[in-house]
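Data block below; observations after.
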Amino acid sequence: MRSPRLAVLAASMAVVTALSPHAPPATAAALATSVGPASVAAQDDLLDRLTAIPGLTVVSESQPAGHRFFVLTFTQPVDHRRPRGATFEQRLTLLHRSADAPVVLYTGGYGLPVNPTASRTEPTQLLDGNQVSVEHRFFRSSRPAPADWDDLTIWQEATDEHRIVQALKTVYSGRWLQTGASKGGMTSIYHRRFYPDDVDGVVAYVAPNDRLNRLDHTYDRFFAQVGSESCRAALAGVQREALKRRDRTVALLEADAARNGYTFTRTLGSVDRSFEMTILDTAWAFWQYAAEADCAAVPPVTATDEELYSWIDGVAFFGFYTDQGLDYYTPYYYQAATQLGWPDLEFRHLRGLVRHRGLYQPNSVIPAELRSRHDPRPMLDVDHWVRARSERILFVYGENDPWSAERFTPSRHDSYLYVAPGANHGANISRLSEADRAAATETLRRWADAQPAQRSRAEAIPYDDMLPDRRAR
């Protein structure tokens, strides 16, 4: 059942108030009359404009640091090819500063938090703008019921976002930029591909471009060159040693699973397959989240079983490749299997130690009924369009980030690519060299027609790095 319209009152101070979702509808005008001050009536003009948008429901509001923060739902067709067919409610949030300020459309590529709170991405901070954050279809509660997984495509999600942008442009007169990191960066590119007129520019952080899996030697070259030779050797030693001690280290995972209630039957199928997947992922996870300075903590091959297990758990997390750890990520792995592609590594240094051929791919980690054939055509189309025809896209990558190894190639149409020295998957504009940081920031402000952001109370709103935590659900 959809919640009725909600309104939040701020009387003499910023007070967070949300009406019960079972309360009767209340109009902004009635609420303004009950409070009295003209300032409240002016604020509630925004509420009136939001609630006037067909299909948009205001679930709650709070008022952090001089902003208004709304949790919203928007009615979307399950299949945009059949707009009069079944629908679902897609979650989004709105951080409002001003109706004429720039708007940053943030696409995380995953789900929003269960209980969203206000935060600002780097472009929103640089532009001192509004921010619309969208939950990707099929994540959390933004999943049709029943779910036809054939409707989880890059075009369907791009069309979700297109409808949201068109609806909110009735409220906001400023320019729009889109952003996202990792899968969110990819998603922002796909939106740009199908609806190039929706926003005035895109900032895509650490967005992989896996156009053909059989050409994934780029990733193998990355792991042969990243960091120091001694660090690479130490990581390879940990992986080999863990596999050599498989019987004892798998026993540690079995004990861990018993303590935490982990199961393996719905996805990988066995504790041994889960263990091997985690070991294969260890070097990748290290460079994704850690840095060269962390190489000193890599355990030697003489470490005890418990020391090896504990260190690998801290880096790659044995709880991730379990039914419970993978459940949240099922839509991503389904998309990777069907359209997005995935890193296809050779693991030459582990030959003779692995047991499960073809394990390191997305069909291994999703339920059997969702396993599908890969169609390379969507990624080839996007890659060609970005290279040849796209406009106003800014890419930011991390030098030591494995996901940044296979990159998009920007066009010559007011588009740019920057690499943050020594950065991992958390690369952003602030971590660029001074000259690149200034150039990238100037480009964003030019696209958004915005002046340098002034210090304000908004600095109290937390920064959002746009990256999910694989340990948190």
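If you're wondering where the values come from, they're calculated on a predicted model, not measured in any experiment.
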Flag for [Y]-[X]: side-chain donor and acceptor within less than 3.5 Å:
X: Y463; Y: N428; value: yes
X: Q156; Y: D79; value: yes
X: S415; Y: E391; value: no
X: N363; Y: Y333; value: no
X: D198; Y: Q166; value: yes
X: T263; Y: D323; value: yes
X: H136; Y: D160; value: no

Derivation and outcome, side chain to side chain contact (heavy atoms under 4.5 Å, CB included), residues E406 and Y219 = CA-CA 7 Å; E406 197 161 52; Y219 292 110; 3.5 Å; yes
[Y] backbone acceptor or donor facing [X] side chain under 3.5 Å:
X: R140; Y: L112; answer: yes
X: Q288; Y: N424; answer: no
X: D220; Y: L345; answer: no
X: S188; Y: A204; answer: no
X: Q90; Y: E135; answer: yes
X: R211; Y: M379; answer: no
X: E276; Y: H356; answer: yes
X: R437; Y: I429; answer: no
X: S404; Y: G398; answer: yes
X: T179; Y: L177; answer: no

By ring pair (Phe, Tyr, Trp, His ring centres under 6.0 Å) - contacts of W342 (at least two apart) | H374
Y195 meets the ring pair (Phe, Tyr, Trp, His ring centres under 6.0 Å) criterion, sequence neighbours left out, with H162
Taking the six-membered ring for Trp, are [X] and [Y] ring centroids under 6.0 Å apart?
X: Y360; Y: F347; answer: yes
X: F138; Y: W149; answer: yes
X: F275; Y: Y321; answer: no
X: Y190; Y: W155; answer: no

Salt bridge check, [Y] against [X]: does any charged N sit closer than 4.0 Å to a carboxylate O?
X: R193; Y: D381; answer: yes
X: R120; Y: D464; answer: no
X: R137; Y: E161; answer: no
X: R355; Y: D272; answer: yes

Give the minimum heavy-atom separation between S274 and L268, together with the two atoms involved.
-> CA-CD1, 3.8 Å
From [X] [atom1] over to [Y] [atom2], what is the distance, rounded to the nearest 0.5 angstrom?
X: W176; Y: K169; atom1: CH2; atom2: NZ; value: 7.0 Å
X: L105; Y: N130; atom1: CG; atom2: CG; value: 12.0 Å
X: R266; Y: T322; atom1: CZ; atom2: OG1; value: 13.0 Å
X: M466; Y: Y106; atom1: CE; atom2: OH; value: 6.5 Å
X: Y397; Y: H425; atom1: OH; atom2: NE2; value: 10.5 Å
X: D383; Y: D210; atom1: CG; atom2: CG; value: 10.5 Å

Please walk me through it: do R97 and D128 pass salt bridge (charged side-chain N to carboxylate O under 4.0 Å, His left out)?
-> CA-CA 8 Å; R97 184 179 73 79; D128 198 16; 3.7 Å; yes
Heavy atoms from other residues, nucleotides or ligands near [atom1] of [X] exceed 12 (cutoff 6.0 Å):
X: R446; atom1: CZ; answer: yes
X: N115; atom1: CG; answer: no
X: Q451; atom1: CD; answer: no
X: H413; atom1: NE2; answer: yes

Cation-aromatic face contact K183/Y332, 6.0 Å, 45 degrees | no
Full working for side chain to side chain donor-acceptor pair (under 3.5 Å) between E89 and S141 = CA-CA 8 Å; E89 296 301 307; S141 62; over 6 Å; no
Start with the C-alpha gap between Q178 and R192, add the side-chain angles, then the distance that decides, and say whether side chain to side chain donor-acceptor pair (under 3.5 Å) holds.
-> CA-CA 9 Å; Q178 186 164 4; R192 186 76 162 156; over 6 Å; no
